Structure formats: C-alpha cells, structure tokens
Amino acid sequence: MLPETIERALLLHPAVAAAGVVAVPDQRLFAVPGAAIQLRAGCERPTVAELEAHLRQHVLATHIPVHWRFVDELPKNRSFKIDRPAIKGLFAQDGQR
C-alpha cells in the first residue's frame with residue numbers, strides 16, 4: 001500500500017480537503033489501509049460507500065481503506081506536514097481487535 005497514492009486519489013473527490021492514510025494492524029492481512037478525512041468547508045459529508053466507489057475509479061481494490069475517520073482537521077507536525085504517527089493513533093483501537 002502506498003499511502004500517498006490513496007491520498008492523491010481521495011483529494012480528487014470534491015468534498016475532500018485533506019487526507020491522511022496509514023497502515024492499520026490487521027490479524028489476518030498484517031496491515032490494511034486506514035484513511036483520515038478532512039472535509040472542505042460547506043461540503044456535505046460523503047458516505048464511506050461514496051468514497052470507496054470514488055477510490056475504485058483510481059486505485060486497486062486492495063488499496064481501498066478498511067478503516068475511516070472524519071476529522072475537523074488533520075494532525076500536522078512542526079513542518080506542517082501530515083503527522084502520520086498521530087493519524088495512526090486515531091486507528092489504535094481498530095488495530096487491536
């Protein structure tokens with residue numbers, strides 16, 4: 001899984017302002033994608049099914065996130081880049097199933 005590939009595809013959706021994708025631990029597959037989504041102001045929140053359908057047009061089926069989080073703002077590090085460890089923390093509970 002290449003997080004940047006999935007993020008770029010998510011950004012093509014008109015409601016998505018920012019996206020952060022990380023590997024979430026999975027007992028069967030080792031790791032699966034998890035996506036944190038920040039919506040554009042004034043846009044209606046798309047359903048997970050809508051985002052999955054959008055992604056299927058741009059990435060392989062194996063790259064479709066299994067876990068989703070909608071956030072007001074993506075966590076950023078001091079360099080104003082996506083803080084991937086903080087995003088992983090959003091999915092910590094999902095990976096412990």
Side-chain angles (χ1 to χ4, degrees):
M1 170 188 74
L2 299 172
E4 295 82 9
T5 302
I6 302 167
E7 290 166 359
R8 278 193 299 272
L10 283 166
L11 290 173
L12 296 173
H13 191 282
V16 177
V21 176
V22 296
V24 178
D26 183 85
Q27 289 182 355
R28 188 172 66 88
L29 299 172
F30 179 64
V32 294
I37 305 294
Q38 178 182 327
L39 299 176
R40 291 187 190 281
C43 285
E44 188 174 320
R45 178 177 162 169
T47 65
V48 168
E50 289 170 338
L51 290 173
E52 288 174 345
H54 167 78
L55 280 177
R56 288 183 195 287
Q57 298 173 15
H58 302 282
V59 299
L60 299 171
T62 55
H63 289 38
I64 304 299
V66 174
H67 304 279
W68 296 85
R69 294 288 183 277
F70 291 90
V71 297
D72 293 332
E73 189 170 335
L74 284 180
K76 304 274 173 79
N77 62 24
R78 285 188 255 171
S79 301
F80 300 103
K81 294 183 180 181
I82 293 172
D83 186 345
R84 293 198 190 277
I87 292 174
K88 274 191 163 222
L90 295 173
F91 298 100
Q93 295 299 320
D94 292 346
Q96 295 176 2
R97 287 184 192 164

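Quick note: numbers below take in every heavy atom, side chains included, and nothing from hydrogens, waters or symmetry partners. Since the structure is predicted, the reported quantities are computational estimates derived from the model, not experimental observations.
Taken together through direct or relayed side-chain contacts under 4.5 Å among Ile, Leu, Val, Met, Phe, Trp and Tyr, V24 and V66 form part of one hydrophobic cluster. Linking ILVMFWY residues whenever their side-chain heavy atoms come closer than 4.5 Å, directly or via other members, places F91 and L29 in the same cluster.
Within a 6.0 Å radius of CD in E4, other residues, nucleotides and ligands contribute more than 12 heavy atoms.
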Mind listing the side-chain donor-acceptor pairs of residues 72-82 below 3.5 Å, one per line with the distance, residues two or more places apart or on another chain?
from	atom 1	to	atom 2	distance (Å)
N77	OD1	S79	N	2.8
N77	OD1	F80	N	3.2
N77	OD1	K81	N	3.0

Please tabulate, for side-chain N and O atoms in residues 53-61, each donor-acceptor pair with protein atoms closer than 3.5 Å (sequence neighbours left out).
from	atom 1	to	atom 2	distance (Å)
H54	NE2	A9	O	2.7
H54	NE2	H13	N	3.4

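You'll find the side chain of I37 reaches within 4.5 Å of the side chain of L10, heavy atoms only. At least one side-chain heavy atom of R84 sits under 4.5 Å from a side-chain heavy atom of P3. Contact check for F70 versus V48: side-chain heavy atoms found under the 4.5 Å cut-off. Between W68 and E52, the closest side-chain pair of non-hydrogen atoms falls below 4.5 Å. Side chains of I6 and P65 form a contact here, defined as non-hydrogen atoms less than 4.5 Å apart.
Evaluation of the side chain to side chain donor-acceptor pair (under 3.5 Å) rule for R45 yields no partner, not counting sequence neighbours.
Heavy-atom minimum distance, A35 versus V21: CB-CG2, 4.1 Å.
For Q38 (side chain) and A18 (main-chain N/O), no donor-acceptor pair under 3.5 Å exists by modelled atom type.
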